[in-house]
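These notes are about the structure you will find just below.
Just so you know, these numbers come straight off a predicted model, no measurement behind them. Residues: numbered from 1 along the sequence shown.
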Amino acid sequence: MSVLSLRRLRDAARHLPWLTSLLEACSILDRGVARAVAASGRVPSCRAGCHSCCSQPIPISTIEALGLRWFAVSHLYGETALAVGRALMAGRQESCPFLVKGACAVYPLRPLACREYVVLGAACLAGEQPDVTRPHDVLPLPRTAQLQAFSVLLPFYGVRDDADKNAALKNRLVLRDSRVLQHLDWQGLGATLCANNH
């Protein structure tokens, strides 16, 4: 993410407490993934232009969906916004509707599931599901970082007390709130993006 994009996100977050929490959760998970990759001693195959994982079901929580909607309206313009808008209006599809010309249009605020799904070694083949074909090459989930990230999101759900946070984490509140991104109703956002960028 560019310094300018990061600055814009942080400036906006000062006025949106839920966005501050989401950005912090993303940062916690990113650091946890980086530590897990370093500890593995292997090189991730994930890089710009690689998007095989964008064609599988992507779990996303309510706060993450809110973040994507906010980011799309406030940060996507022109042809990229139109492409995303049209994909969102097309309804259910296999690939992520935020994928434009092989790149994630919402990369700075991409879902937590996208951040923690890392394939090591060889690049994925078209249509490959590495967790099925070569699970030993999929980075194990950084559970501690994932729990820390979820903990930061709990105030969004009205959970603030430490004892309640522990219970919510144990009961997997954020995971239970998750739905498949490709199955959510994005019609309104798609219409907004298309109308604003014609």
Taking [Y]'s backbone N and O only, do any of them form a donor-acceptor pair with [X]'s side chain (distance below 3.5 Å, no angle check)?
{"X": "Glu116", "Y": "Leu141", "result": "no"}
{"X": "Asn171", "Y": "Ala167", "result": "yes"}
{"X": "Ser40", "Y": "Val37", "result": "yes"}
{"X": "Asp164", "Y": "Arg160", "result": "no"}
{"X": "Asp185", "Y": "Gln187", "result": "yes"}
{"X": "Thr192", "Y": "Gly188", "result": "yes"}
{"X": "Trp186", "Y": "Ala87", "result": "no"}
{"X": "Asp177", "Y": "Thr62", "result": "yes"}

How many angstroms lie between [atom1] in [X] and [atom2] in [Y], if you round to the nearest 0.5 Å?
{"X": "Tyr107", "Y": "His75", "atom1": "OH", "atom2": "NE2", "result": "16.0 Å"}
{"X": "Cys26", "Y": "Arg31", "atom1": "SG", "atom2": "CZ", "result": "11.0 Å"}
{"X": "Leu109", "Y": "Leu22", "atom1": "CG", "atom2": "CG", "result": "5.0 Å"}
{"X": "Ser151", "Y": "Asn166", "atom1": "OG", "atom2": "CG", "result": "8.0 Å"}
{"X": "Ser178", "Y": "Ile60", "atom1": "OG", "atom2": "CD1", "result": "8.0 Å"}
{"X": "Arg35", "Y": "Asp30", "atom1": "CZ", "atom2": "CG", "result": "10.5 Å"}

What about [X] and [Y], same hydrophobic cluster or not, with Ile/Leu/Val/Met/Phe/Trp/Tyr joined at side-chain heavy-atom distances under 4.5 Å?
{"X": "Leu169", "Y": "Ile63", "result": "yes"}
{"X": "Trp70", "Y": "Leu112", "result": "yes"}
{"X": "Val174", "Y": "Leu66", "result": "yes"}
{"X": "Val180", "Y": "Leu175", "result": "no"}
{"X": "Leu29", "Y": "Leu181", "result": "yes"}

[X] to [Y] - nearest heavy-atom pair and separation:
{"X": "Gly78", "Y": "Asn197", "result": "N-OD1, 3.0 Å"}
{"X": "Leu153", "Y": "Ser21", "result": "CD2-O, 3.8 Å"}
{"X": "Pro111", "Y": "Leu68", "result": "CG-CD1, 4.3 Å"}
{"X": "Ala105", "Y": "Val84", "result": "CB-CG2, 3.8 Å"}
{"X": "Ser55", "Y": "Glu94", "result": "O-CG, 3.3 Å"}
{"X": "Cys46", "Y": "Val119", "result": "SG-N, 3.4 Å"}

Contacts under 3.5 angstrom, residues 121-128 side chains, donor-acceptor by atom type, not counting sequence neighbours:
from, atom 1, to, atom 2, distance (Å)
Glu128, OE1, Leu125, N, 2.8
Glu128, OE1, Arg134, NH2, 3.4
Glu128, OE2, Thr133, OG1, 2.7
Glu128, OE2, Arg134, NE, 2.9

Can Glu64 and Ser61 be counted as having a side-chain donor-acceptor contact under 3.5 angstrom?
->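 Present: a donor and an acceptor within the cut-off.
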
Centroid separation Trp18 to Tyr157 less than 6.0 Å:
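No: the rings miss the under 6.0 Å criterion.
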
- request: Check the pair Val138 / Val118 against side chain to side chain contact (heavy atoms under 4.5 Å, CB included), numbers first and verdict last.
  value: CA-CA 6 Å; Val138 177; Val118 177; over 6 Å; no

- Does CZ in Arg172 sit with more than 12 non-hydrogen atoms of other residues, nucleotides or ligands closer than 6.0 Å?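 Open.
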
Applying side chain to side chain contact (heavy atoms under 4.5 Å, CB included) to Ile58 and Tyr117, what does each step give before you reach the verdict?
CA-CA 10 Å; Ile58 301 167; Tyr117 191 83; over 6 Å; no

- Query: Taking it one step at a time, do Leu193 and Leu88 satisfy side chain to side chain contact (heavy atoms under 4.5 Å, CB included)?
  - Reply: CA-CA 9 Å; Leu193 291 175; Leu88 293 172; 4.0 Å; yes

Inset, instruction - Would you please test Leu189 and Met89 for side chain to side chain contact (heavy atoms under 4.5 Å, CB included) and show each step? - result: CA-CA 8 Å; Leu189 176 59; Met89 292 190 61; over 6 Å; no

